[in-house]
Amino acid sequence: MKFVSTRNDVPAATLSGAIAAGLAPDGGLYVPERLPGPRKLQPGASLAATTAALLAPFFEGDALAPELAAICAEALDFPVPLKPLATPGDHVLELFHGPTAAFKDVGARFLAAALARIRRGADAPLTILVATSGDTGAAVAAAFHGQPGLRVVVLYPDGRVSPRQAHQLGCFGGNVVALRVAGSFDDCQALVKRALNDARLQAQVPLSSANSISLGRLLPQMSYYAHAALGHHAASGRVLDVVIPTGNLGNALAAILARALGVPLGRIVLATNANRVLPEYFAGGDYAPRASVATLANAMDVGAPSNFERLRWLYAGDDAALRAAFTAQAVDDAAIRAAIRQRWERHGEVFCPHTATAVRVLETLRAQGAGGDWAVAATAHPAKFESVVEPLLGQPVPVPPALAELLARPAHAEPMPPDYAALRAHLLGPGAD
Ligand SMILES: *Cc1c(COP(=O)(O)O)cnc(C)c1O
């Protein structure tokens, strides 16, 4: 399988080439040149085995193909259970049992396992540069920590991630450098983009990104939808409908691709926070990217969803067909708070603010008469967002063991002004040679 750019201006790349590059050279996103036909998948197989079977056509002909099973086994070594909720027919797909307690562990661990193999034998270490508003940086830092031939430099907006997120970013050390930038997430992202486009810098320090546009993160995110939907279908004979908390559309796009490959998923509904670009588009408006607004579900504070370009490609630019295929609903902060508080009071269920957007959307769908079996994708453990969740519950949320272990380590982040010369100095400084 070869991969082309959504902007069609560059030659097709191999899977390894596309994963190593991150963004295509014309600024587009890599997509498979065609979608493989429906896959024959066995229910009851492990998450890793299901994923290897699902991804095999994408790896065909690539140098990584013989390593696919090993990459899946290494990256997908934690459970992603589908659990029933108190309300009949409703479920939660828990994606937060990895090292940093968010679903981004899946993509980050797969990307790290793939890149470590792609870079085997390379002369210079590869620096993975990430701008993060919280979860991405922690997942990438955890996944790449200790990987030979790879280094991570994480930029985050100082004071604008939760204290536990900041701790997670700074607690690795070794080949992971955390930079706390005196600026916004957009400042961090602009600095990273500039460095990735700086040919002179790249000649000295090979750089790559690990943003949600990376194919190495997108493809493995199909894994949990496949595993859960196959299991559910085998047990009940019914497809699984899903509501997905959405920011850059990486998680939702993986579900859409999985369904296209024959995974027994039904409806796919997108839940956003008060950043309404997608709900407005799916309701018939223009696609109008804009600056993001800050919400309680901060990992979804996205005003220009980066994977939208891939979604449009999938529908060959046919907006009417795309709008007919999905719905998206926005949930504001007051409704996020209400969902967290009410589910706790009525059912003893605890959700993070991101997951709560999807819970609220599912409640709305049920109130409108939606039938079927639904799963809410739980994208982070509520203990990661304790400053939002605990006051609403009126009690502490127990911290899962993997997260507790990270929080017990000392943490350090270097302060940095939001300017490019400072970033260059960090990249070229000690350890960069
Ligand atoms: C990143 C993130 C999201 C949004 O995922 P996308 O793939 O960007 O749509 C939702 N919830 C949490 C907890 C996240 O970290």
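Only a predicted model underlies this, so the values are computations on that prediction, with no experimental measurement involved. Each ligand, and each atom within it, is numbered from 1 in the order the structure gives.
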Item checked: Of all pairs that satisfy side-chain hydrogen bond (donor to acceptor under 3.5 Å, both in side chains), the ones with a partner from residues 318-329, not counting sequence neighbours -> Tyr281-Asp319, Arg312-Asp319
Note to self: Pairing donors with acceptors under 3.5 angstrom, does anything connect the side chains of Ser16 and Asp62?
What the structure shows: yes
Between ligand 1 and the protein, which N/O pairs are shorter than 3.5 Å?
residue: ligand 1; atom: 7 (O); partner: Gly250; partner atom: N; Å: 3.1
residue: ligand 1; atom: 7 (O); partner: Asn251; partner atom: N; Å: 2.9
residue: ligand 1; atom: 8 (O); partner: Asn248; partner atom: N; Å: 2.8
residue: ligand 1; atom: 9 (O); partner: Gly247; partner atom: N; Å: 2.7
residue: ligand 1; atom: 9 (O); partner: Asn248; partner atom: N; Å: 3.2
residue: ligand 1; atom: 9 (O); partner: Leu249; partner atom: N; Å: 2.9
residue: ligand 1; atom: 11 (N); partner: Thr379; partner atom: OG1; Å: 2.7
residue: ligand 1; atom: 15 (O); partner: Lys104; partner atom: NZ; Å: 2.5
residue: ligand 1; atom: 15 (O); partner: Asp135; partner atom: OD2; Å: 2.6

Check: Under the side-chain hydrogen bond (donor to acceptor under 3.5 Å, both in side chains) rule, what pairs show up with a residue in residues 392-406, not counting sequence neighbours?
Finding: Glu405-Arg409
Margin query: With salt bridge (charged side-chain N to carboxylate O under 4.0 Å, His left out) as the rule and sequence neighbours excluded, what pairs involving residues 346-359 come up?
Written below: Arg343-Glu349
Item checked: Any side-chain heavy-atom pair of Leu322 and Phe326 under 4.5 Å -> yes
Check: From Thr127 OG1 over to Arg151 CZ, what is the distance, rounded to the nearest 0.5 angstrom?
Finding: 3.5 Å
